[in-house]
Amino acid sequence: MTFDDVRIIALAWPEVEDGTSYGTPALKVRKKMLVRLKEDGDSLVMPGVPQDERDMLVESRPKVFYFTDHYRDYPIVLIRLSKASRSIVEPLLRRHWRALASKAALKANDANS
């Protein structure tokens, strides 16, 4: 996958906009970060992943999921896009989008699904 693939998925959902975060491309929902590209150009900074779930993801797929000391205390996992597939990224992305989107956007999206 690439960040462009992630953009195509997320920009199809209501309230998602292109933006930047820490000088890197990002996607935002109502001005809050949905996801961003890490400075290495290959890793996705994916918020909304509780630490216990993150630990399980890293343990089960260490080539895809990881985290650095910087993110140790945050509910964030890093995803190597070059090793990931849509089936891995989209559910995490969708869950975080649902946490950030307005109730009206969720209702509209669910009605169209």
Side-chain angles (χ1 to χ4, degrees):
M1 286 199 78
T2 66
F3 190 73
D4 283 339
D5 296 327
V6 174
R7 285 182 71 251
I8 289 167
I9 294 166
L11 288 172
W13 301 329
E15 301 181 334
V16 178
E17 297 177 337
D18 274 312
T20 59
S21 179
Y22 299 100
T24 63
L27 295 167
K28 297 184 177 190
V29 177
R30 301 187 314 153
K31 309 229 185 288
K32 294 179 184 162
M33 188 177 78
L34 172 63
V35 70
R36 79 173 180 93
L37 187 63
K38 197 169 181 323
E39 294 79 2
D40 66 8
D42 181 51
S43 298
L44 201 60
V45 179
M46 170 87 321
V49 180
Q51 291 173 11
D52 58 342
E53 180 182 356
R54 177 187 69 197
D55 293 345
M56 188 250 347
L57 290 170
V58 170
E59 186 176 322
S60 67
R61 290 190 146 152
K63 291 182 180 176
V64 177
F65 297 104
Y66 72 105
F67 65 95
T68 62
D69 282 344
H70 178 77
Y71 295 107
R72 183 171 305 283
D73 296 328
Y74 298 96
I76 291 173
V77 71
L78 302 173
I79 303 171
R80 288 182 187 91
L81 288 171
S82 60
K83 306 283 186 196
S85 65
R86 181 177 181 141
S87 64
I88 289 171
V89 174
E90 187 172 4
L92 295 170
L93 190 64
R94 181 179 297 273
R95 181 176 72 189
H96 193 51
W97 169 76
R98 292 187 71 82
L100 298 174
S102 68
K103 288 180 183 176
L106 293 174
K107 187 175 180 181
N109 186 72
D110 292 349
N112 291 333
S113 296

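Computation of the quantities below employed the complete heavy-atom set of this structure, encompassing side-chain atoms and omitting hydrogens, waters and symmetry-equivalent molecules.
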Next item on the list: If a pair satisfies side chain to side chain donor-acceptor pair (under 3.5 Å) and one of its residues is in residues 10-27, list it, with sequence neighbours excluded.
Entry: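 Output for this query lists R7-D18, E15-S102, T24-R36.
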For residues 53-64, which residue pairs pass the side chain to side chain donor-acceptor pair (under 3.5 Å) check, not counting sequence neighbours?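 As it turns out, the side chain to side chain donor-acceptor pair (under 3.5 Å) pairs with a partner in residues 53-64, which skip direct neighbours, are E53-R95.
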> Are I8 and V16 joined in one hydrophobic group, where the rule is that I, L, V, M, F, W and Y side chains link up if heavy atoms are under 4.5 Å apart?
Replying inline: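 In one cluster with I8: V16, no.
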*Any donor-acceptor pair under 3.5 Å from H96 side chain to M33 backbone*: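 Indeed, once roles are kept as given, a pair shorter than 3.5 Å links the two residues.
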_Using only atom types and a distance under 3.5 Å, with no angle test, would you say the side chain of R86 pairs donor to acceptor with the backbone of M1?_
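Judged by distance alone, no pair lies under 3.5 Å.
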Work out which heavy atom in [X] is nearest to a heavy atom in [Y]; give both atom names and the distance.
X: V64; Y: A84; result: CG1-CB, 4.1 Å
X: A10; Y: L27; result: CB-CD1, 3.7 Å
X: V77; Y: Y66; result: CG2-O, 3.7 Å
X: P25; Y: F3; result: CB-CE2, 3.6 Å

Output a table of donor-acceptor pairs, distance under 3.5 Å, between side-chain atoms of residues 103-112 and any protein atom two or more places apart or on a different chain; print 'none' if there are none.
unit_1: D110; atom_1: OD1; unit_2: R98; atom_2: NH1; d: 2.9
unit_1: D110; atom_1: OD2; unit_2: R98; atom_2: NH2; d: 3.0
unit_1: N112; atom_1: ND2; unit_2: A108; atom_2: O; d: 3.3

For this session: Output, in order, the C-alpha distance, side-chain angles, deciding distance and verdict of side-chain contact (heavy atoms from CB on, under 4.5 Å) for I79 and L92.
Result: CA-CA 10 Å; I79 303 171; L92 295 170; 4.0 Å; yes
- Are any non-hydrogen side-chain atoms of L37 and V6 less than 4.5 angstrom apart?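 With C-beta onward as the side chain, the pair stays apart.
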**Value rounded to 0.5 Å, distance of CD1 in I76 from CG in L44** =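 Going from the CD1 atom of I76 to the CG atom of L44 covers 11.0 Å.
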